[in-house]
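Just so we're clear, the structure is a prediction, and the values are computed from it rather than from any experiment.
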Amino acid sequence: MDFENAIQIFCAHQIKKIDGIITRNIKDFSTSEIDVFTLDEVIIYINKKLKK
C-alpha cells in the first residue's frame, strides 16, 4: 500500500457512517478494514436501489 492509499483509509476511518471506499484499483486496498468498491460496482448498486 502506498502513502496516498494509507491516507484515504485513515480519513475513511474518521467518518462514522461510511459504507466504503470507491477506487479503480481494489488490490491496493486489500488490507483495508473498510469495504472497497469499484465505480462499476457502485453504479450497479445505485441502479438496483433506484429500481425498487
Checklist entry - Do Asn25 and Asp28 come close enough that some side-chain heavy atom pair is under 4.5 Å? => result yes

Checklist entry - Which residue, Lys49, Lys48, Glu41, forms the side chain to side chain contact (heavy atoms under 4.5 Å, CB included) with Tyr45? => result Lys49

Checklist outcome for this item: Between the CG atom in Asp35 and the CD1 atom in Ile21, the distance rounded to the nearest 0.5 Å is 9.0 Å

Checklist entry - Roughly how far, to the nearest 0.5 Å, is CG of Leu39 from OG1 of Thr23? => result 10.0 Å

Checklist entry - When rounded to the nearest 0.5 angstrom, what is the spacing between CZ in Phe29 and CG in Asn5? => result 3.5 Å

Checklist entry - For the atom pair CD1 (Ile43) and CZ (Phe37), what is the distance rounded to the nearest 0.5 Å? => result 13.5 Å

Checklist entry - For atom CD of Gln14, is the number of surrounding heavy atoms from other residues, nucleotides or ligands below 6.0 Å larger than 12? => result yes

Item to check | Shortest non-hydrogen separation from Ile34 to Ile9 and the atoms involved | outcome: CD1-O, 4.3 Å

Checklist entry - To the nearest 0.5 Å, what is the distance between CD1 (Ile22) and OG1 (Thr38)? => result 9.0 Å

Next on the checklist: Using 0.5 Å steps for rounding, measure from the CD1 atom of Ile15 to the NE2 atom of His13.
Outcome noted: 11.0 Å

Checklist entry - Same cluster for Ile18 and Val42 if Ile/Leu/Val/Met/Phe/Trp/Tyr side chains link at under 4.5 Å? => result no

